[in-house]
Amino acid sequence: MTHHYHHQHQQLPYSPPHHLEPTMASSNHHIYSNPIFYLLGLCDNVYTLKTVHGLLVVHGLTRDISFNTKLVSLYGSFGHAKLARLVFDRIPDPDFYSCKVMLRWYFLNDLYREILGFYALMRLRCRDTDNVVFSVVLKACSESRNACEGRKIHCQIVKAGSPDALLDMYVKCGAIRDARCVFDELYCTDLVSWTAMIVGYTQNGFPKEALKLFTDNKWAGILPNNVTIASILSACAQLGNLSWGRLVHALAIKLGLVLPNVTNALVDMYAKFHKNEYSRYLFEQLSDKDVITWNSIISGFSQNGSVYEALELFYRMRRGNVLPDAVTIVSALSALASLGALQVGSSLHAYSVKKGLLSSNVFMGTALLTFYGKCGDVRSARKVFNSMEEKSTITWSAMIGGYGIQGDGHNSLALFGEMLRAELKPNEATFTSILSACSHTGMVRDGWRLFTSMCQDYNFVPSMKHYSCMVDLLARSGRLEEAYDFISNMPLRPDISLFGAFLHGCGLYSRFDLGEVAIKRMMELHPDEASYYVLMCNLYAADGRWNQVRQVRELMVNRRLNKSPGCSLMELDIGYDSTHRVASVG
DNA sequence: CTAGGGTTAG
């Protein structure tokens with residue numbers, strides 16, 4: 001397309017200079033009801049268009065901005081950008097829309113230099129702009145190699161660009177530091193940007209920063225809305241800070257913000273704090289429960305160990321009219337895994353396949369393979385693992401742990417090696433799983449090697465779980481002195497389960513001497529913990545020292561310590577649609 | 001600007 005039009009093509013039907021036309025506000029009646037507008041629609045070339053344009057002039061309609069804009073658009077569409085511009089220049093007060101129409105035809109006719117000239121003019125007349133205009137103008141700069149103009153427009157974009165959108169973009173990308181930069185540079189912070197920043201922190205695992213921003217006096221003038229409250233409640237739950245959670249709950253009541261989304265967040269938070277009654281009360285109170293409400297309580301109860309309550313609610317949900325989604329199934333599977341309820345879980349597997357919930361969902365696949373692993377069906381677990389397109393570190397850890405609880409440390413180690421070859425980074429939990437696998441399989445050397453590697457190569461600070469695995473590893477294999485030294489030298493205060501692992505080994509190898517020493521240390525460290533007395537009883541019982549057992553029991557009664565009896569469970573006649581029944585044994 | 005999810009010793 002050439003830019004050079006012949007002069008005669010640029011002549012328009014006569015119309016008086018606009019300052020001579022009657023000044024009249026643009027007509028109220030809609031141009032679509034005018035027959036001439038209909039004629040304009042029939043024009044399929046520039047000659048017929050000029051004829052109808054003449055009609056518009058005769059009828060004095062060229063002072064109407066809508067007609068003029070339509071003319072600009074039509075001249076442009078016939079490739080006559082310059083005629084379009086002549087019409088445009090006669091519009092007394094062009095608006096943003098008419099400017100955009102003009103720009104569009106320059107753009108479609110590759111008239112980049114004209115675009116820049118027109119844009120400069122346009123900036124003088126109207127202050128509006130949008131992303132379409134910016135992208136057109138930027139393209140014009142690059143096509144005409146005008147970096148200087150480009151830089152100016154860059155600045156305009158930075159100034160005009162919605163900071164909230166920019167913040168949101170960084171938050172969605174998980175680039176939380178960049179988000180904070182944008183936030184700090186904002187000319188004025190309002191409720192939306194403040195909330196967006198809080199949401200960003202909460203969703204990216206920085207609940208402390210979220211709470212800090214929420215409580216910062218700098219923003220004392222801004223009242224939170226329901227989005228802010230829901231997000232900050234989630235931060236309190238992540239932090240495990242119940243007192244702040246309660247304060248925010250109270251604040252929400254005062255501000256009248258206990259809306260459904262806030263209630264959902266409260267249900268979730270109280271469940272995470274083991275406050276099942278609060279959680280349930282709020283849940284029952286909410287009249288329109290959506291899938292998130294149900295998931296909040298089911299996942300909360302499943303996570304805090306109230307698995308029966310979680311499953312009860314899951315069945316109730318199934319009877320109602322809210323359909324479970326992937327999150328629901330994941331939570332239910334996790335509850336079923338801890339019960340070893342293989343049949344119910346398998347039917348949920350079938351259900352998920354049927355509903356298409358399984359495909360390409362890492363959470364779902366991981367929960368499912370964990371479930372099969374915990375139920376002892378490690379082959380099904382591996383099948384699920386192999387079929388997963390996307391696997392995360394958690395997926396690999398779960399599969400390694402699945403082999404581990406079967407005592408198949410060799411497969412655990414093999415998979416761990418495969419994971420490293422795939423250049424995936426193990427995390428703390430991966431090491432917990434693999435160390436436990438080593439201890440179940442009696443692989444003492446491998447266990448030590450991996451423990452050392454975890455500290456030295458990966459710079460992980462061992463947690464109580466790691467230490468417990470090591471104690472278990474050593475104690476189970478009869479290296480009780482070594483285990484005792486290990487406990488004495490570790491930097492953490494040993495807890496009940498660590499001592500439990502040690503005492504278990506003492507019982508296995510009849511090292512009651514070492515067991516008694518450990519018990520004395522335990523009693524010094526935690527005098528009020530009933531579980532230690534039970535461990536002590538077990539040890540004396542294993543040694544046949546029944547008088548000692550009786551003495552410890554009396555000591556417990558005197559100190560008013562109580563331990564609820566444990567019981568094991570087995571699955572009885574559980575069908576997909578039947579209610580859950582589990583017998584307790586022993 | 002929106003609440004909910006998978007792995008972790010015995």
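Convention: sequence-line order gives letters A, B, ...; per-chain numbering from 1. FYI, side chains are in, hydrogens and waters are out, and symmetry mates aren't considered; it's all heavy atoms of this structure.
- Annotation: A/Tyr270 is in aromatic contact with A/His249 [ring centroid separation under 6.0 Å].
- Distances were taken from every side-chain heavy atom of A/Asn361 (C-beta onward) to each of B/dG5, B/dG10, B/dT2; the shortest belongs to B/dG5.
- Atom OH in A/Tyr270 sits roughly 19 Å away from atom P in B/dA3 (whole-Å rounding).
- Regarding contacts with the backbone of B/dA9, every side-chain N or O of A/His440 stays at 4.0 angstrom or more from both OP1 and OP2.
- Base contact: A/Asn261 has a heavy atom under 4.0 Å from a base atom.
- Of the candidates B/dG6, B/dT8, B/dG5, the closest approach to any side-chain atom of A/Ala326 belongs to B/dG5.
- Looking at the side chain of A/Lys465, the nearest of the listed nucleotides B/dG10, B/dT8, B/dC1 is B/dT8.
- Side-chain contact check for A/Tyr372 versus A/Ser346: some heavy-atom pair is nearer than 4.5 Å.
- In terms of phosphate contacts, A/Lys272 brings no side-chain nitrogen or oxygen within less than 4.0 Å of OP1 or OP2 of B/dA3.
- Distances were taken from every side-chain heavy atom of A/Ser234 (C-beta onward) to each of B/dC1, B/dT8, B/dA3; the shortest belongs to B/dA3.
- With rounding to whole Å, A/Leu369 atom CG is found 19 Å from B/dG5 atom P.
- Using a 4.0 Å heavy-atom cutoff across all strands shown, A/Thr395 reaches at least one base atom of the nucleic acid.
- For A/Ser392 and B/dG6, a side-chain-to-base donor-acceptor distance below 3.5 Å is present, hydrogens and geometry of angles not being considered.
- For an aromatic pair to be called close, the ring centres must be under 6.0 Å apart, and A/Phe183 with A/Trp219 satisfies this.
- Residue A/Thr202 has no polar side-chain atom (N or O) positioned under 4.0 Å from OP1 or OP2 of B/dT2.
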Please report, to 0.1 Å, the donor-acceptor pairs under 3.5 Å made by any side chain of residues 492-506 of chain A, with sequence neighbours excluded.
{"from": "A/Asp495", "atom 1": "OD1", "to": "A/Ser497", "atom 2": "N", "distance (Å)": "3.4"}
{"from": "A/Asp495", "atom 1": "OD1", "to": "A/Ser497", "atom 2": "OG", "distance (Å)": "3.3"}
{"from": "A/Asp495", "atom 1": "OD1", "to": "A/Leu498", "atom 2": "N", "distance (Å)": "3.1"}
{"from": "A/Asp495", "atom 1": "OD2", "to": "A/Ser497", "atom 2": "OG", "distance (Å)": "3.3"}

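- To the nearest angstrom, P of B/dA9 lies 18 Å from CD1 of A/Ile487.
- Per the geometry, CG belonging to A/Leu313 stands 16 Å off C1' belonging to B/dG5, to the nearest Å.
- Relative to the side chain of A/Asn427, the nucleotides B/dT2, B/dT7, B/dG5 differ in distance, and B/dT7 lies closest.
- Note on A/Val471: nothing from the nucleic acid sits closer than 4.0 angstrom, heavy atoms only.
- Residue A/Lys391 is classed as having no contact, given no heavy-atom separation below 4.0 Å to the nucleic acid.
- Aromatic pair A/His410/A/Tyr403: ring centres not closer than 6.0 Å.
- Going from atom CZ of A/Arg476 over to atom C1' of B/dA9 covers 10 Å, rounded to whole Å.
- The distance between atom CD1 of A/Ile222 and atom C1' of B/dC1, rounded to the nearest whole Å, is 13 Å.
- In the set B/dG6, B/dT2, B/dA9, the nucleotide with an atom closest to the side chain of A/Val227 is B/dT2.
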From CA spacing to verdict: side chain to side chain contact (heavy atoms under 4.5 Å, CB included), A/Trp448, A/Leu474: CA-CA 9 Å; A/Trp448 264 122; A/Leu474 297 169; 3.6 Å; yes
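- A/Asp325 comes within 4.0 angstrom of a base, heavy atoms only.
- Using a 4.0 Å heavy-atom cutoff across all strands shown, A/Ser231 reaches no nucleic acid atom at all.
- When distances are taken from the side chain of A/Ala429 to each of B/dG6, B/dG10, B/dT8, the shortest belongs to B/dT8.
- Proximity of A/Gln203 to the phosphate of B/dC1: no side-chain N or O atom is located under 4.0 Å from OP1 or OP2.
- Nearest nucleotide to the side chain of A/Ala230, out of B/dA3, B/dT7, B/dC1: B/dA3.
- Phosphate proximity of B/dG6 to A/Lys374: absent, as no side-chain N or O sits under 4.0 Å from OP1 or OP2.
- Looking at A/Ser468, its side chain has no donor and acceptor atom pair within 3.5 Å of the base of B/dG10.
- The base of B/dA3 lies close enough to the side chain of A/Asn264 for a donor and an acceptor atom to sit less than 3.5 Å apart.
- Annotation: side chain of A/Leu233 is in contact with side chain of A/Val262 (closest heavy-atom distance under 4.5 Å).
- Distance CG (A/Leu424) to P (B/dG6): 20 Å, rounded to an integer number of Å.
- Note: CG (A/Leu450) to P (B/dA9) measures 16 Å, nearest angstrom.
- If you check distances only, the side chain of A/Ser497 does reach the base of B/dA9 with a donor-acceptor pair under 3.5 Å.
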